[in-house]
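Residue numbers start from 1 in every chain, and the chains themselves are labelled A, B, ... in the order their sequence lines are given, proteins ahead of strands.
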Amino acid sequence: MSTKLQGLRGMNDLLPDEAERWEAFEAIVRDWLKSYGYRPIRTPILEPTALFSRGVGEHTDIVEKEMYSFEDRLSEEKMTLRPEGTASCVRSVIEHSLLFAQPQRLYYSGPMFRHERPQKGRYRQFNQVGVEALGFAGPDIDAEHIVMCRRLWDDLGLEDIELQLNSLGDASERARHRGELIAYLEKYQDSLDEDGKRRLYTNPLRVLDSKNPAMQEIADGAPKLTAYLGEESLRHFEAVQDLLREAAVPYRINPRLVRGLDYYNRTVFEWTTTRLGAQATFCAGGRYDSLIAQLGGREAPACGFAMGMERVMMLWLEGQEVNGPLETPDIYLVHQGEAAQKFAFRLAEQIRSAGFSVVFHCGGGNFKSQMKKANSSGATYAVIVGDNEANSGVAAVKPLREEGEQVSLVPEALTEWLAERLYGVEAD
RNA sequence: GCGGCAUUAGCUCAGUAGGUAGAGCACUGGAUUGUGAUUCCAGUUGUCACCGGUUCGAUCCCGGUAUGCCGCCCCA
């Protein structure tokens with residue numbers, strides 16, 4: 001007996017019931033993105049490893065321990081399954097000079113890969129929809145992103161969600177703060193926990209984010225980034241908040257909100273929920289004004305966010321009936337006998353040509369079992385063809401979802417009858 | 001990556017103070033040899049996750065592995 005093969009850990013199959021819900025969800029998301037004028041961009045799932053180490057940051061958890069990286073056997077190139085979408089999007093925009101004459105509103109959607117321990121709402125292959133606005137400097141685009149998120153949550157009917165907001169300042173402000181912060185933390189070097197010591201020089205901002213109470217005590221006395229924000233950064237942050245108030249979007253300023261990717265500056269935000277256990281954040285983003293230049297493009301401001309599709313889907317489906325198929329055929333075509341099968345096979349195509357969906361019964365079986373299958377297929381009508389019908393060139397239609405008499409019709413009359421019943425179209 | 005809990009039929013789950021297993025749903029057939037969904041009758045379901053140990057004997061006890069869930073870390 002051969003070894004049982006199974007899918008890789010943390011990588012899930014979506015079976016029909018679930019896959020249909022994904023398609024419905026994706027359709028809602030696409031309409032939403034279009035309504036804000038965003039256009040799609042599709043980039044490869046595989047990228048040179050350096051894109052992420054340079055883009056996401058050498059000392060982030062993602063780059064340090066979560067990437068699926070390998071060397072191609074033939075070319076010896078180092079490559080990585082993308083752990084996030086922004087770096088790829090920016091790479092592509094630079095490579096194809098999309099930003100040359102005008103700013104761009106873009107979105108992407110697809111699988112990302114991170115080698116983490118799986119949990120509900122956290123998978124090794126997961127899907128993100130990301131929105132990137134490149135070439136916009138003003139606070140209005142930051143606010144646009146937050147407002148458009150709020151609209152989607154409203155459309156989906158999400159509950160128990162919160163918006164957290166912070167400003168990380170610009171690069172020089174962060175550098176100044178960072179210097180002072182390291183100097184401060186060095187005084188407590190011996191009291192820092194393992195993570196704290198490790199991050200002291202690589203990512204001191206994250207030391208402040210620790211949930212360890214002892215660390216929080218140290219963090220409380222640490223220099224606050226807010227105090228280092230220059231006039232321009234403050235004005236930008238204020239302007240974003242003004243627009244949010246204008247749009248009546250409630251938010252909470254969270255000074256500890258620092259984000260796990262290095263490229264962020266100024267506005268950062270996270271949408272969180274209490275309904276996903278340890279996975280509180282389901283959508284997050286912010287401004288990344290230096291990333292484009294850092295990846296070799298001409299200096300240009302940018303702003304974006306990404307949402308975890310699995311997490312948003314879970315929140316969305318909470319309020320819904322989740323059993324059974326969403327898509328059902330108009331017709332299940334039952335037939336018995338050799339002549340009937342030929343007639344029915346041709347009839348199925350005729351009905352489809354008229355615009356209806358038809359499941360043609362395959363695989364034999366008696367009338368009873370065929371009718372059972374017709375019923376469980378969810379079809380609105382069974383169309384029945386036996387040798388009697390085939391000989392006289394008619395088909396019987398039987399309603400499966402409501403009361404009603406079975407009627408016999410010739411094919412042309414049948415499609416008119418269906419149009420009238422299913423779409424309320426009157427025949428001439 | 002660390003700690004805890006779980007894994008029994010296709011699905012949801014019972015069960016045995018160690019003696020190789022059961023229900024409901026689903027599926028198939030029949031009552032109704034050309035008519036589903038309701039009703040009644042009958043039937044098929046399993047290496048009790050995997051590998052090893054203890055034992056006369058392990059689905060049950062012990063160890064390891066895999067997977068899932070909860071928490072931590074981190075993130076979407």
Peer 1: With both distances under 3.5 Å as the test, what is the Watson-Crick or G-U wobble partner of B:G10?
Peer 2: B:C25
Peer 1: The side chain of A:E116 is closest to which nucleotide in this list: B:U35, B:A66, B:C74?
Peer 2: B:C74
Peer 1: Taking the side chain of A:H115 as its heavy atoms from C-beta onward, which of B:G36, B:A76, B:G1 lies nearest to it?
Peer 2: B:G1
Peer 1: Under 3.5 Å, which N/O atoms of the protein pair with N/O atoms of nucleotides 4-6 of chain B?
Peer 2:
none

Peer 1: Taking atom P in both B:C11 and B:G46, what distance in whole Å separates the two?
Peer 2: 13 Å
Peer 1: Give none if B:G19 has no partner; otherwise give the nucleotide forming a Watson-Crick or G-U wobble pair with it, both distances under 3.5 Å.
Peer 2: B:C56
Peer 1: Taking the nucleotide of RNA chain B with the nearest heavy atom to each, does A:E310 or A:L8 sit closer to the 5' end?
Peer 2: A:L8
Peer 1: Looking only at N and O atoms, is any donor in the side chain of A:Q119 or the base of B:G68 less than 3.5 Å from an acceptor on the other one?
Peer 2: no
Peer 1: Any side-chain donor-acceptor pair under 3.5 Å between A:S233 and A:R266?
Peer 2: yes
Peer 1: Rounding to an integer number of Å, can you tell me how far A:Q341 CD sits from B:G34 P?
Peer 2: 17 Å
Peer 1: Using the C1' atom as the point on both nucleotides, what is the distance between B:A58 and B:G18, in whole Å?
Peer 2: 6 Å
Peer 1: Return the value, rounded to whole Å, for the distance between atom CG of A:D387 and atom P of B:U35.
Peer 2: 15 Å
Peer 1: Mind checking the C1' distance from B:C60 to B:G53? Whole angstroms is fine.
Peer 2: 15 Å
Peer 1: Measure from the side chain of A:I384, starting at C-beta and using heavy atoms only, and say which of B:G36, B:C75, B:G34 lies closest.
Peer 2: B:G34
Peer 1: Show every ring pair (Phe, Tyr, Trp, His ring centres under 6.0 Å) that has at least one partner inside residues 376-418 of chain A, sequence neighbours left out.
Peer 2: A:Y381-A:W417
Peer 1: Would you classify A:K398 as touching base, sugar-phosphate or nothing, given that sugar-phosphate means primed atoms plus P, OP1 and OP2, and contacts are heavy atoms under 4.0 Å?
Peer 2: base
Peer 1: Determine the contact category for A:I62: base if any of its heavy atoms lies under 4.0 Å from a base atom, sugar-phosphate if only primed atoms, P, OP1 or OP2 are that close, otherwise nothing.
Peer 2: nothing
Peer 1: Any donor-acceptor pair, under 3.5 Å, between the side chain of A:Q370 and the base of B:U35, if you only look at N and O atoms?
Peer 2: no
Peer 1: For A:R42, look at atom CZ and say whether over 12 heavy atoms of other residues, nucleotides or ligands are found less than 6.0 Å away.
Peer 2: no
Peer 1: Kindly indicate, with the supporting measurements, whether the criterion salt bridge (Lys or Arg N to Asp or Glu O under 4.0 Å) is fulfilled by A:E18 and A:R21.
Peer 2: CA-CA 5 Å; A:E18 215 177 336; A:R21 260 127 197 127; over 6 Å; no
Peer 1: Identify whether the glycosidic angle of B:A17 places it syn (within 90° of 0) or anti.
Peer 2: syn
Peer 1: Closest to the A:R9 side chain: B:G68, B:G34, B:G1?
Peer 2: B:G68
Peer 1: What is the base-pairing partner of B:A49, counting Watson-Crick and G-U wobble geometry with both distances under 3.5 Å?
Peer 2: B:U65
Peer 1: Rounded to the Å, how far apart are A:L276 CG and B:C69 P?
Peer 2: 13 Å
Peer 1: Could you say whether the aromatic ring of A:F126 and the base of B:A76 stack, counting only centre distances under 5.5 Å and plane angles under 30°?
Peer 2: yes
Peer 1: Which whole number of Å gives the distance between the P atom of B:G34 and that of B:C51?
Peer 2: 49 Å
Peer 1: Tell me whether the rings of A:Y184 and A:Y188 are parallel (<30°), tilted (30 to 60°) or perpendicular (>60°).
Peer 2: tilted
Peer 1: Could you tell me the Watson-Crick or G-U partner of B:C2, where both distances fall under 3.5 Å? Say none if there is no partner.
Peer 2: B:G71
Peer 1: A:N366 side chain N/O closer than 4.0 Å to the phosphate oxygens (OP1, OP2) of B:G30?
Peer 2: yes
Peer 1: Please figure out whether A:M11 or A:L400 has its closest RNA chain B nucleotide nearer the 5' end.
Peer 2: A:L400
Peer 1: Does any non-hydrogen side-chain atom of A:W271 lie less than 4.5 Å from one of A:F269?
Peer 2: yes
Peer 1: Indicate the ring-plane relationship of A:F356 and A:Y423, choosing parallel, tilted or perpendicular according to the 30° and 60° boundaries.
Peer 2: parallel
Peer 1: Between B:U67, B:A76, B:G29, which nucleotide gets closest to the side-chain atoms of A:S369?
Peer 2: B:G29
Peer 1: Distance alone, cut at 3.5 Å: any donor-acceptor contact between the side chains of A:H236 and A:D142?
Peer 2: yes
Peer 1: Which of the following nucleotides, B:G30, B:G68, B:A76, is nearest to the side chain of A:P118?
Peer 2: B:G68
Peer 1: Test salt bridge (Lys or Arg N to Asp or Glu O under 4.0 Å) on A:R151 and A:D155 and set out the steps.
Peer 2: CA-CA 6 Å; A:R151 179 181 293 278; A:D155 288 352; 5.2 Å; no
Peer 1: For a quick check of understanding: with a heavy-atom distance under 4.0 Å over all strands, which category does A:E389 fall into, base, sugar-phosphate or nothing?
Peer 2: base
Peer 1: Scan A:G365 against the nucleic acid and name what it touches under 4.0 Å (heavy atoms): base, sugar-phosphate only, or nothing.
Peer 2: nothing
Peer 1: May I ask you to say what A:G337 touches in the nucleic acid, namely base, sugar-phosphate or nothing, with a heavy-atom cut-off under 4.0 Å?
Peer 2: nothing
Peer 1: Atom CH2 of A:W271 and atom C1' of B:C75: how far apart are they, to the nearest Å?
Peer 2: 18 Å
Peer 1: Select base, sugar-phosphate, or nothing to describe what A:R259 touches, counting heavy atoms under 4.0 Å on all strands.
Peer 2: sugar-phosphate
Peer 1: Verify the distance criterion only: is there a donor paired with an acceptor across the side chains of A:R174 and A:Y228 at less than 3.5 Å?
Peer 2: no
Peer 1: Tell me: CD of A:E132 to C1' of B:A76, nearest whole Å?
Peer 2: 13 Å
Peer 1: So what does A:A278 touch, heavy atoms closer than 4.0 Å: a base, only the sugar-phosphate, or nothing?
Peer 2: base
Peer 1: Work out how far the C1' atom of B:A23 is from that of B:A76, and round it to whole angstrom.
Peer 2: 41 Å
Peer 1: Pick base, sugar-phosphate or nothing for A:E66, based on heavy-atom distances below 4.0 Å to the nucleic acid.
Peer 2: sugar-phosphate
Peer 1: In Watson-Crick or G-U wobble terms, both distances under 3.5 Å, what is the partner of B:U38?
Peer 2: none
Peer 1: Specify the separation, in whole Å, of atom CG of A:D61 and atom C1' of B:C74.
Peer 2: 5 Å
Peer 1: With a non-hydrogen cut-off below 4.0 angstrom, is A:K120 in contact with a base, only sugar-phosphate, or nothing?
Peer 2: sugar-phosphate
Peer 1: So what does A:Y381 hit on the nucleic acid, given a heavy-atom distance under 4.0 Å: a base, only sugar-phosphate, or nothing?
Peer 2: nothing
Peer 1: With rounding to whole Å, what would you report as the distance between B:U12 and B:G68 at their P atoms?
Peer 2: 15 Å
Peer 1: Looking at the base of B:G34, is there any donor atom on it, or on the side chain of A:N388, that sits under 3.5 Å from an acceptor on the other one?
Peer 2: yes
Peer 1: Will you find, in the side chains of A:N127 and A:E310, an N or O donor that is under 3.5 Å from an N or O acceptor?
Peer 2: yes
